[in-house]
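Worksheet: the structure to be examined is printed underneath.
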Amino acid sequence: LPGRAFRTLFGVGILAEFVNREAGPVVMDDSLYRRSYPATWVWQWSNARCGRVTLAWRPSRITPLPTPTAGASQMVEPCDLTAVAARRLIGAKRLAPSELLASCIARIEAVDHAVNAIPARDFDRARESAKRADAAVVRGEDLPALHGLPIGIKDLQATKDLVTTRGSVIYKDHVPTEDERIVAAVRQAGAIVIGKTNTPEFGAGANTRNAVYGVTGNPFNPEKSAAGSSGGSAVALATGMVPICTGSDTGGSLRNPAAF
C-alpha cells in the first residue's frame with residue numbers, strides 16, 4: 001500500500017487481546033453481567049517479528065463484564081453496572097433506582113476528590129427523583145428507556161436550578177431557569193440528573209481544566225490529563241460514578257477523553 005493509505009488503515013484499529021490462561025475458567029450465572037462482541041473484520045498484527053498488519057475475521061463471542069479474578073467474589077457494586085445492565089435490573093424489579101443512586105453517590109464521595117469529575121452536585125433532588133422512580137416501578141408502569149439511571153450532565157449544557165458555569169468565571173454563579181433541550185430529553189426518558197461534569201472554558205480545549213472548578217485528572221493517574229472537552233463525563237464513567245453521561249464533540253471532545 002502507499003504510505004499514506006497504509007497509515008490510514010493502520011490507524012483504523014489494531015486488535016490486541018491479552019488472555020490470562022492461568023486464571024482458570026470464569027463462570028457467571030447472570031447474563032446481565034456479560035458483554036457480547038459481534039463478528040467483524042479487524043486489523044491485527046500477523047507477525048510480531050516482521051510487524052505485518054493483516055485483515056482478519058473475529059468471530060462473535062461473549063465475555064464476562066466485569067471480569068473477576070479467579071476465585072474472587074463475582075459481586076459488583078450497582079454503580080459498576082453498565083447502563084444497559086442496570087436498566088434491565090430496574091425493569092425486572094431486581095434493582096431499585098434509589099439503590100443505584102445511593103451507590104453512585106457513595107462512589108462520587110469516595111473517589112471524586114482525587115479526579116474532580118463532578119464538581120457541581122444535585123444529590124437532594126436526585127434522591128427525590130429516585131423515590132418517584134421507585135414508585136413507578138412498584139406500580140408496574142411502562143418505564144421509559146433511561147428510567148432510574150443517574151446521569152452526569154456536561155457543564156456546557158443548561159440545567160434548571162443547577163449551576164451551569166460553562167467552565168467560565170463569567171458564569172460561575174449562573175443558575176438557569178429551564179433545562180436546555182438535551183437535558184429535558186434525558187429527564188423525560190427517565191434519567192436522574194446527579195450533577196454537572198467538568199469541562200474547559202466554553203468547551204474550548206483538548207483538556208478539562210478551568211478557573212471555576214480546576215483540573216479533572218485522568219482516572220489511571222490523576223496527575224495526568226483526562227483530555228477534553230468532555231473529560232469530566234469520561235472520567236465519571238470510567239470510575240463508575242454514574243452509568244451514563246452527556247457530552248459533546250466538535251473536534252474530538254468525546255473521542256479524545258475516551259482514548260485517554
Quick check: are there more than 12 heavy atoms from other residues, nucleotides or ligands sitting under 6.0 Å from [atom1] of [X]?
X	atom1	result
Q188	CD	no
R187	CZ	yes
Y171	OH	no

Distance-only donor-acceptor check, side chains [X] and [Y], under 3.5 Å:
X	Y	value
T159	T164	yes
N210	N198	yes
S233	T197	yes
K154	T246	no

With a 4.5 Å limit on heavy-atom distance, are the side chains of [X] and [Y] in contact?
X	Y	value
T165	H174	no
L89	R87	no
L101	F123	no
P150	P243	yes

Is it true that [X] and [Y] make a salt bridge, defined as a side-chain N closer than 4.0 Å to a carboxylate O?
X	Y	result
D155	R166	no
K131	D134	no
R107	D80	yes
R121	D112	yes

Between [atom1] of [X] and [atom2] of [Y], what distance do you get to the nearest 0.5 Å?
X	Y	atom1	atom2	value
R132	R127	CZ	CZ	14.0 Å
S230	L156	OG	CG	7.5 Å
C104	E77	SG	CD	10.5 Å
I194	I192	CD1	CD1	8.5 Å
S229	L254	OG	CG	7.5 Å

Q: Give me the one residue out of L146, V137, L81 that meets side chain to side chain contact (heavy atoms under 4.5 Å, CB included) with I90.
A: V137
Q | Co-members of Y213 in a cluster of I, L, V, M, F, W and Y side chains, linked at under 4.5 Å | A | V163, V169, V175, V212
Q: Sort and list the pairs that fulfil salt bridge (charged side-chain N to carboxylate O under 4.0 Å, His left out) and have at least one residue in residues 230-251, not counting sequence neighbours.
A: D249-R255
